[in-house]
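The structure appears below as structure tokens.
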Number of protein chains: 2
Amino acid sequence: MHNHYAANTRQHLRVWLKLLKTSGNIEAVLRERLKRECGTTLPRFDVMAALDHHPAGLRMTELSEFLMVSNGNVTGIVNRLAEDGLVERTQDSQDRRAQMVCLSPKGNTEFQHLAKLHAQWIDNIMQPLNVEQSDTLMALLEQLTEPEVSP
Amino acid sequence: MHNHYAANTRQHLRVWLKLLKTSGNIEAVLRERLKRECGTTLPRFDVMAALDHHPAGLRMTELSEFLMVSNGNVTGIVNRLAEDGLVERTQDSQDRRAQMVCLSPKGNTEFQHLAKLHAQWIDNIMQPLNVEQSDTLMALLEQLTEPEVSP
DNA sequence: ATATATTACTTTAGGCTTAAAGTAATATAT
DNA sequence: ATATATTACTTTAAGCCTAAAGTAATATAT
């Protein structure tokens, strides 16, 4: 053996590494397919999905809160989506600092296509688990949802 | 309901989002603590951990294969670690293209400290699961280890 | 009314990441 | 021996990400 942690700690490390690896593998598959088959990226997909869930549009700050990423990050992604004509910005007439972002018709059409593919990919990847197993997995992950803060 | 997927697909999507969120949350905690408490980053930690596992050192290409990241990526991280005196590069006397990278004494001391903290953090985060539960989680994740490739 | 604080957003600097192109050294085929 | 291919590594361009600083507009306190 290479270390001298308690058996429990070793097991915990193993489970975490497995969780990280599994999640990372699946995410890598999604990124790869979005790129190769759709010419887009996961962050772009996430922004478009957020806008799809909010058909009336979102302000930049709402978008960054919804996606839990920084404000500046959203600025960059929305800029690039706008350059490609997939989202539209409209100035708020009440507040000249603010703007509303929503999917353009083109962006909406494209997202419906992406979302369908995305769901198929996930469905396929998760296929090995039956209903009971995925319920169990959900329940176990639920217990890790709010990581303890102090050692 | 907001969509019209088969119930199974919806469940699969929910489980995947939960998996992604849980893994991301834990990773965020680790990044945060590495930064705030140790002034380092997860990629730097990963490189140092790889070198700790290979005391004789690794070549740049071996390092990038071990970590499953690109060659150029490793160049950047190792550059910064070397600037901080945490790793050492030694030219291969047989092959003038190649070099050996290993932890410096300073890097080794620092990594032992980081590794101990890291293990404590994981141990604490995984605390909610008892042995049986973590075994079950391992087994379920195992089934997702090699995502199906074709729809 | 005016000063102060807050809010909405962008810009900047720096690190992480990849793919692709570039450089130099080594290995192979003829 | 020489041409070709491969290998080891770095550089570059572009996107993603954050924290911190910056800008302009709005809200609040007095």
Side-chain angles (χ1 to χ4, degrees), chain A residues 20 24-25 27-36 38-50 57-84 86-101, chain B residues 20 24-25 27-36 38-50 57-84 86-101:
Chain A
L20 181 62
N25 280 349
E27 206 177 313
V29 168
L30 298 179
R31 285 182 195 276
E32 165 78 4
R33 291 183 182 176
L34 280 173
K35 181 172 186 184
R36 301 282 176 203
C38 311
T40 190
T41 66
L42 203 45
R44 287 167 64 110
F45 178 84
D46 290 340
V47 166
M48 294 179 81
L58 285 173
R59 296 204 286 184
M60 294 295 280
T61 296
E62 291 174 326
L63 199 43
S64 74
E65 283 167 357
F66 186 77
L67 295 171
M68 294 190 291
V69 297
S70 68
N71 245 329
N73 188 2
V74 168
T75 295
I77 298 170
V78 167
N79 280 348
R80 287 182 287 273
L81 288 173
E83 281 168 16
D84 295 341
L86 298 171
V87 303
E88 285 164 356
R89 302 164 129 135
T90 53
Q91 281 299 317
D92 185 321
S93 54
Q94 308 297 311
D95 186 339
R96 272 184 290 175
R97 292 167 305 180
Q99 60 186 261
M100 216 64 171
V101 184
Chain B
L20 181 61
N25 280 348
E27 206 177 314
V29 168
L30 298 179
R31 285 183 196 275
E32 165 79 5
R33 291 182 182 177
L34 280 173
K35 181 173 185 183
R36 300 282 175 203
C38 311
T40 191
T41 66
L42 204 45
R44 287 167 64 109
F45 179 83
D46 290 340
V47 166
M48 293 179 81
L58 286 173
R59 296 203 287 183
M60 294 296 282
T61 296
E62 291 173 324
L63 199 42
S64 73
E65 283 165 358
F66 185 77
L67 296 171
M68 295 190 290
V69 298
S70 68
N71 245 330
N73 189 1
V74 169
T75 295
I77 298 170
V78 168
N79 280 349
R80 287 182 286 274
L81 288 173
E83 282 167 18
D84 295 341
L86 299 170
V87 303
E88 284 166 356
R89 301 165 129 134
T90 54
Q91 281 299 318
D92 185 321
S93 54
Q94 309 298 309
D95 184 340
R96 272 185 291 173
R97 294 166 303 180
Q99 57 186 263
M100 217 61 172
V101 185

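In the text below, chain A, chain B and the rest are named by the order of the sequence lines, each starting its count at 1.
In this structure the side chain of B:N71 reaches within 4.5 angstrom of the side chain of B:T61, judged on heavy atoms. The side-chain heavy atoms of B:S64 and B:R59, taken from C-beta on, include no pair separated by under 4.5 Å. With contacts defined as side-chain heavy-atom distances shorter than 4.5 Å, the pair B:D84/B:R44 qualifies. By the 4.5 Å heavy-atom criterion applied to side chains, B:N79 and B:R89 are counted as neighbours.
To the nearest angstrom, P of D:dT7 lies 16 Å from CG of B:D92. Note: CD (B:Q91) to P (C:dA25) measures 11 Å, nearest angstrom. When rounded to the nearest whole Å, the span between CG of A:D84 and C1' of D:dG15 equals 12 Å. The interatomic distance linking B:L81 (CG) with C:dG15 (P) rounds to 12 Å, in whole Å. Separating the CE atom of B:M60 from the P atom of D:dT11 is a distance of 10 Å, rounded to the nearest angstrom. The CZ atom of A:R89 sits 16 Å away from the P atom of C:dA8 (whole-angstrom rounding). Residue B:R44 contributes atom CZ, which lies 9 Å from atom P of C:dG15 at whole-angstrom precision. For B:D46 and C:dC16, the CG to C1' distance is 12 Å, given to the nearest whole Å.
C:dT17 is paired with D:dA14 under the criterion used here, namely a Watson-Crick or G-U wobble arrangement in which both key atom distances are under 3.5 Å. Under the Watson-Crick or G-U wobble criterion, with both distances below 3.5 Å, C:dT30 is paired with D:dA1. Using the Watson-Crick or G-U wobble rule with both distances under 3.5 Å, C:dA25 pairs with D:dT6.
Side-chain proximity of B:K35 to the nucleotides C:dT17, D:dA19, C:dA19 is greatest for D:dA19. Nearest nucleotide to the side chain of A:T75, out of C:dA8, C:dT18, C:dT10: C:dT10. When distances are taken from the side chain of A:I77 to each of C:dC9, D:dC16, C:dC16, the shortest belongs to D:dC16. Among the nucleotides C:dA25, C:dC9, D:dC9, the one closest to any side-chain atom of B:A98 is D:dC9. Taking the side chain of A:T61 as heavy atoms from C-beta on, and the options C:dT10, C:dC9, D:dC17, the nearest nucleotide is C:dC9.
Place B:D95 and A:N79 on DNA chain C by their nearest nucleotides, and A:N79 ends up nearer the 5' end. Ranked by how close their nearest DNA chain C nucleotide is to the 5' end, A:Q99 and A:E32 are led by A:Q99. Nearer the 5' end of DNA chain D, as judged by each residue's closest nucleotide, is the contact made by B:E62, out of A:G72 and B:E62. Along DNA chain D, the nucleotide nearest A:L42 and the nucleotide nearest B:M100 are compared for position; the residue whose nucleotide lies closer to the 5' end is B:M100.
Between B:T41 and C:dC16, a side-chain N or O to OP1/OP2 separation shorter than 4.0 Å is present. Here A:S70 does not reach the OP1 or OP2 of D:dA19: none of its side-chain N or O atoms lies under 4.0 Å away. For the pair B:R96 and C:dT26, the criterion of a side-chain N or O lying under 4.0 Å from OP1 or OP2 is met. Taking only side-chain nitrogens and oxygens, B:N73 never comes nearer than 4.0 Å to OP1 or OP2 of C:dC16. Under 4.0 angstrom from either OP1 or OP2 of C:dC16 there lies no side-chain N or O belonging to B:R31. A close approach under 4.0 Å does not occur between any side-chain nitrogen or oxygen of A:Q94 and OP1 or OP2 of D:dA25.
Counting any heavy atom pair closer than 4.0 Å across all strands shown, A:V69 reaches sugar-phosphate atoms only and no base atom. Base contact: B:N71 has a heavy atom under 4.0 Å from a base atom.
Tested against B:D95 for a side-chain hydrogen bond (donor to acceptor under 3.5 Å, both in side chains), the candidates B:Q99, B:R97, B:Q91 yield a single pass: B:R97. Paired with B:V47 under the rule side chain to side chain contact (heavy atoms under 4.5 Å, CB included), one option of B:L81, B:L86, B:L42 passes, and it is B:L81.
A:N73 contributes atom CG, which lies 13.0 Å from atom CE of A:M68 (distance to the nearest 0.5 angstrom).
Side-chain to base pairing of B:R97 with D:dA8: no donor and acceptor N or O lie closer than 3.5 Å to each other.
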